[in-house]
Amino acid sequence: MTRWQLAHGRHLDLGAQSLLMGILNVTPDSFSDGGEFDRPERALQQARRMIGEGAAIIDVGGESTRPGAGAVSAREEQSRILPVIEALSSDGDSLVSVDTYRAETARLAVAAGAHIVNDVHGLQREPDIAQVAAETSAGLVIMHTGRGREKLADVIADQFLFLNRSLEIARDAGIADERIVLDPGFAFAKDGEENLELMARFGELRALGFPLLVGTSRKRLARHLVGGSDEGRDVGTAATSVILRLKGASIFRVHNIAVNRDALAFADAVRERETGEEIRRAR
């Protein structure tokens, strides 16, 4: 069991049960649901639906990260997400994450009530975001990406290279280890073979010593294997969630909460049985 410390005096206990992070794209152009929730009232309705289905965290993003997506200004990003974060935080029990690489957006989001900063550039695009996370005591998701740089040929070696550099930035900023979760960044400048290799060797990432979050939801990996419909992609996502849970992932960033919740219940039951057997053998 690991306690993940978050902003505003909150925390999450990781380990015994899978935790779900619901994706809330307040954008017109995200790859799966762009335009569906780009008005605050619709975004809030979707967030509350996901919470009701079992999401522990709502991850609010105001700029699409799909390949080829157009950039938006910091002002536009903030105008999209801050009203939603403020409304969700006023609900009281909701835990809110902000999906951004911008330091100022992260600062404003935590001030508006967000508990977690989720940086898809792993602190390496705007390193000042690490200082924001330190000053606000926010939980921090550091994601690996291969975009905009030369990668090592071995997918796990590249994970360690990139994420260890990100962890240096975090520690130099004074961020405590208990506030950090790592994300291997499935599909971020990784082709189908690299994604499968990363999934097969996922357990090796546990050597980094941090809880692991994964985001495979409706991505090309799922589409490639099971088809292009939302239903097919959600089934594929649930399959990857189960595989990665059994290899050590703790948090699952997904679009469809209910499908992944039910699939992960089986994975949790198997893990519990395995842990019990290990304890009995140790005795």
Side-chain angles (χ1 to χ4, degrees), residues 1-22 55-61 81 85 88-89 92-145 156 158-185 188 202-215 244-245 247-253:
M1 182 76 71
T2 300
R3 178 155 287 185
W4 187 19
Q5 299 291 344
L6 313 176
H8 311 299
R10 301 291 296 274
H11 69 267
L12 279 170
D13 288 327
L14 309 178
Q17 289 188 318
S18 306
L19 292 180
L20 292 161
M21 173 185 276
I57 307 163
I58 301 299
D59 190 44
V60 183
I81 67 172
I85 291 172
L88 281 174
S89 65
D93 292 335
S94 303
L95 289 173
V96 182
S97 171
V98 58
D99 180 357
T100 188
Y101 59 84
R102 291 187 174 97
E104 185 59 19
T105 298
R107 186 185 304 280
L108 291 171
V110 177
H115 306 87
I116 299 160
V117 173
N118 178 14
D119 183 0
V120 298
H121 288 277
L123 312 180
Q124 296 189 41
R125 180 159 173 175
E126 286 197 16
D128 285 350
I129 199 170
Q131 194 62 45
V132 172
E135 291 172 357
T136 60
S137 298
L140 179 63
V141 179
I142 295 174
M143 197 193 82
H144 174 281
T145 184
I156 298 298
D158 196 68
Q159 290 278 326
F160 277 75
L161 175 70
F162 183 90
L163 291 173
N164 278 321
R165 173 56 186 145
S166 295
L167 288 167
E168 287 179 10
I169 296 170
R171 287 164 176 155
D172 287 346
I175 300 171
D177 285 358
E178 59 264 28
R179 298 194 179 275
I180 297 173
V181 164
L182 301 180
D183 177 352
F188 277 75
F202 185 82
E204 296 177 43
L205 299 179
R206 295 167 70 179
L208 288 161
F210 290 88
L212 297 167
L213 178 153
V214 292
L244 293 167
R245 177 59 172 159
K247 290 177 176 287
S250 295
I251 306 170
F252 301 83
R253 184 180 181 274

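- Atoms OG1 and CG, on Thr136 and Leu6 in that order, are 10.5 Å from each other to the nearest 0.5 Å.
- We find that Asp99 and Arg253 are joined by a salt bridge, their nearest charged nitrogen and carboxylate oxygen being less than 4.0 Å apart.
- Under the rule for a side chain to side chain contact (heavy atoms under 4.5 Å, CB included), the partners of Glu168 that lie at least two apart in sequence or sit in another chain are Arg165.
- The distance from the OG atom of Ser97 to the CD1 atom of Ile85 is 8.5 Å, given to the nearest 0.5 Å.
- Side-chain contact between Asp183 and Leu212 is absent, with no heavy atoms from C-beta onward closer than 4.5 Å.
- Closest approach of Phe252 to Val214, counting heavy atoms only: CD2-CG2, 3.4 Å.
- Considering NE2 of His115 and NE2 of His11, their distance stands at 12.0 Å, rounded to 0.5 Å.
- Expressed to the nearest 0.5 Å, how far OG of Ser250 lies from CG of Leu19 amounts to 7.5 Å.
- Taken to the nearest 0.5 Å, the OH atom of Tyr101 stands 3.5 Å off from the CZ atom of Arg125.
- Side-chain atoms of Glu178 never come within 3.5 Å of backbone atoms of Trp4 as a donor-acceptor pair (strictly under, hydrogens ignored).
- In this structure, Leu12 and Ile57 have side chains that are in contact, with non-hydrogen atoms separated by less than 4.5 Å.
- Pairing each heavy atom of Arg245 with each of Gly15, the nearest pair is NH2-O, 2.9 Å.
- In this structure, Phe162 CZ and Leu167 CG are separated by 10.5 Å, a value rounded to the nearest 0.5 Å.
- In this structure, Thr145 contributes its side chain and His121 its backbone to no donor-acceptor pair below 3.5 Å.
- Among residues two or more places apart in sequence or in another chain, the side chain to side chain contact (heavy atoms under 4.5 Å, CB included) test is passed with Leu108 by Gln78, Leu82, Glu104.
- Shortest non-hydrogen contact noted between Ala114 and Ala7 is O-CB, 3.9 Å.
- Considering only heavy atoms from C-beta on, Asp13 stays 4.5 Å or farther from Thr2 through its side chain.
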Please output the side-chain donor-acceptor pairs of residues 137-144 that fall under 3.5 Å, not counting sequence neighbours, one pair per line with the distance.
residue : atom : partner : partner atom : Å
His144  : ND1  : Gln159  : NE2          : 3.4
His144  : ND1  : Lys190  : NZ           : 3.0
His144  : NE2  : Arg149  : NH2          : 3.1
His144  : NE2  : Asp158  : OD2          : 2.8

Apply side chain to side chain contact (heavy atoms under 4.5 Å, CB included) to residues Arg102 and Ile129 and explain how you reach the verdict.
CA-CA 6 Å; Arg102 291 187 174 97; Ile129 199 170; 6.0 Å; no
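- Side-chain contact between Thr105 and Ile81: present, with at least one pair of heavy atoms (C-beta onward) separated by less than 4.5 Å.
- Of all the heavy atoms in Ala112 and Ser89, the pair that sits closest is O-OG, 3.0 Å.
- The closest side-chain heavy-atom distance from Asp119 to Thr100 is not below 4.5 Å.
- Looking at heavy atoms from C-beta onward, Glu135 lies in side-chain contact with Arg107 at the 4.5 angstrom threshold.
- Contact detail for Phe202 and Gly248: the closest heavy-atom pair is CE2-C, 4.2 Å.
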Would you check, one step at a time, whether the test side chain to side chain contact (heavy atoms under 4.5 Å, CB included) holds for Val181 with Asn118?
CA-CA 9 Å; Val181 164; Asn118 178 14; over 6 Å; no
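- In this structure the side chain of Met1 never reaches within 4.5 angstrom of the side chain of Leu14, judged on heavy atoms.
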For side chain to side chain contact (heavy atoms under 4.5 Å, CB included), just list the numbers for Leu182 and Ile180, CA-CA rounded to whole Å, side-chain angles, deciding distance to a tenth of an Å, and then say yes or no.
CA-CA 7 Å; Leu182 301 180; Ile180 297 173; 4.0 Å; yes
Assess the residue pair Leu205 and Phe160 against the criterion (side chain to side chain contact (heavy atoms under 4.5 Å, CB included)); give the C-alpha distance rounded to whole Å, side-chain angles, the decisive distance to 0.1 Å, and a yes or no.
CA-CA 8 Å; Leu205 299 179; Phe160 277 75; 4.1 Å; yes
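- Of all heavy-atom pairs between Ala130 and Leu123, the closest is CB-CD1, 4.1 Å.
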